[in-house]
Student: 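Pasting a structure here, questions to come.
So you know, we letter chains A, B, ... as the sequences are listed, proteins then strands, and number each from 1.
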Amino acid sequence: MNAGRIDIAGLDGGLDLQATIESGQSYLWRRPDGNMYDGDQQRGGDAWYETVVRIDDGEIRLDAGDPVVVRVRQDDGFLRWESTTDAEWIVRSLLRLDDDLPAIRAATPDDELLQRAYDRYWGLRLVADPPFGTLISFICSAQMRVSRIHEMQVALAETFGDTVTAGGRSYPVFPTPEQLAAATESQLRDLGLGYRAPYVQRTAEMVASGDAHPDTARDLPYEDAREDLTQFVGVGEKVADCVLLFALEFLEAVPLDTWIQTTIDEYYPDCDRGNYAETSRAIRERLGGEYAGYAQTYVFHYLRNEE
DNA sequence: TAGATACCTTATAG
DNA sequence: ACTATAAGGTATC
């Protein structure tokens, strides 16, 4: 295994690894100590987190390429990493370590709720996850608790994905589009996916056949990109916004979920315009525009943990 | 085009 | 013990 460490003092705004990984924006990491979402900040503070991505022509993916194991741990002022390859660039990319958090926060409105959330979880970063895994995991997220969404992704990897061995341990790999497309609805229901089972299978089939790919949204203007992603089965406007924000680097995207809807009702009632598109524009503007997605992620994590 | 309803499964509240 | 409700919504009518 390769290994290295990144000096957190050298990052603009530092890092809160646990908040970043366990804030419900990524479901593609695992904690080998088995305590994801245990709500215990102390225990998670120096836990190892592991993921497997694929590297294809220098890009971090899950739909093609060679599997690479990546482990990270925040400890004593450093982000330590271990990997089957020289992975510092992968770690920097996945965890958006080059984002300038103070600059992003400076572009955020001086709003009491936003500042409280930023203060409480300062160092939380958005992620830049592989698009295919993000697409599937957020299709699974509909009407689901965060911990169960994560369990589903683990089950999908263990049931349909490859396995790689590193350092004497084996790691399940998130399934490729082909592997998921070959799954039957019944198999997926057996994993507890419920009505999401056919959505996952059919979307995987769309990607595997080449009929559509989440990456095509990357080159479109924000609202067109959101519309483009809704062509996938099981993907509405909210899930599309999640893929844009957590995988395709649209930092202005604000997924309108139940938590944000409650936030709008309580703190920004004038932003409720009665439909997704218009409410989205209004709350996006209220949260600072360009980095509204950052503010959304802080607020989501803050409200979910403090109330 | 806007509004209502069904949908899998599990955990938690009452 | 047992029922109602809600969980990072979407598809369909």
Student: Over how many whole Å does the gap from A:Lys238 atom NZ to C:dA7 atom P extend?
Tutor: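 So the two atoms are 12 Å apart, to the nearest Å.
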Student: For the base of C:dG8 and the side-chain ring of A:Phe300, does the geometry meet a stacking cutoff of under 5.5 Å between centres and under 30° between planes?
Tutor: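 It does: the ring sits over the base of C:dG8.
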Student: Between the side chains of A:Arg284 and A:Asp241, is the shortest nitrogen-to-carboxylate-oxygen separation below 4.0 Å, so that they form an ion pair?
Tutor: no
Student: After noting the C-alpha distance and the side-chain angles of A:Tyr302 and A:Tyr118, does the key distance pass the ring pair (Phe, Tyr, Trp, His ring centres under 6.0 Å) rule?
Tutor: CA-CA 9 Å; A:Tyr302 176 73; A:Tyr118 264 103; over 10 Å; no
Student: Pick the closest DNA chain C nucleotide for A:Cys242 and for A:Val235 by heavy atoms, then say which residue is nearer the 5' end.
Tutor: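 On the 5' side of the pair lies A:Cys242.
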Student: Rounding to a whole Å, what distance do you find between A:Gln143:CD and B:dA6:P?
Tutor: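 Going from CD in A:Gln143 over to P in B:dA6 covers 14 Å.
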Student: Nearest whole angstrom, please: distance from the P of B:dG3 to the OH of A:Tyr276.
Tutor: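 A:Tyr276 atom OH is separated from B:dG3 atom P by 17 Å.
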Student: With a 3.5 Å limit on both atom pairs, tell me what C:dG9 is paired to, counting Watson-Crick and G-U wobble, or say none.
Tutor: B:dC7
Student: C1' atom, B:dA2 versus C:dG8: distance in rounded Å?
Tutor: 24 Å
Student: A:Asn275 has an atom CG; how far is it from atom C1' of B:dA4, in whole Å?
Tutor: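 To the nearest whole Å, that distance equals 17 Å.
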Student: Nearest whole Å is fine: how far is B:dA13 P from A:Arg145 CZ?
Tutor: 9 Å
Student: NA contact type, A:Glu151, heavy-atom cut-off 4.0 Å: base, sugar-phosphate, or nothing?
Tutor: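 Nothing, no nucleic acid heavy atom in range.
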Student: Nearest whole angstrom, please: distance from the P of C:dG8 to the OH of A:Tyr302.
Tutor: 19 Å
Student: Where do A:Leu193 and A:Gln201 land on the side-chain contact (heavy atoms from CB on, under 4.5 Å) test, with the steps shown first?
Tutor: CA-CA 11 Å; A:Leu193 268 67; A:Gln201 192 278 330; over 6 Å; no
Student: Rounded to the nearest Å, what distance is computed from the CG atom of residue A:Asp257 to the C1' atom of nucleotide C:dT10?
Tutor: 15 Å
Student: For B:dG14, which nucleotide in any strand shown is its Watson-Crick or wobble partner with both distances under 3.5 Å?
Tutor: C:dC2
Student: Could you tell me whether the phosphate oxygens of B:dT10, OP1 or OP2, come under 4.0 Å of any side-chain nitrogen or oxygen in A:Arg148?
Tutor: no
Student: Quick one: label A:Gly194 by what it contacts on the DNA or RNA (base, sugar-phosphate, nothing), any heavy atom closer than 4.0 Å.
Tutor: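 Contact class for A:Gly194: base.
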Student: Mind checking if A:Arg189 touches a base, just sugar-phosphate, or nothing, with heavy atoms under 4.0 Å?
Tutor: sugar-phosphate
Student: Let me spell it out: for each of A:Ser23 and A:Gly234, pick the nucleotide of DNA chain C with the closest heavy atom. Which residue's pick is nearer the 5' end?
Tutor: A:Ser23
Student: Can you say whether a donor on the side chain of A:Tyr199 sits under 3.5 Å from an acceptor on the base of C:dG9, or the other way round?
Tutor: no
Student: Rounding to an integer number of Å, can you tell me how far A:Tyr195 OH sits from B:dC7 C1'?
Tutor: 6 Å
Student: Given A:Arg30, which of A:Glu151, A:Glu50, A:Glu22, A:Glu158 fulfils the salt bridge (Lys or Arg N to Asp or Glu O under 4.0 Å) condition?
Tutor: A:Glu158
Student: Give me the distance, rounded to whole Å, that separates C:dC2 from B:dC8 when you measure between the P atoms they each carry.
Tutor: 25 Å
Student: State the CZ-CG distance between A:Arg80 and A:Leu17, to the nearest 0.5 angstrom.
Tutor: 13.0 Å
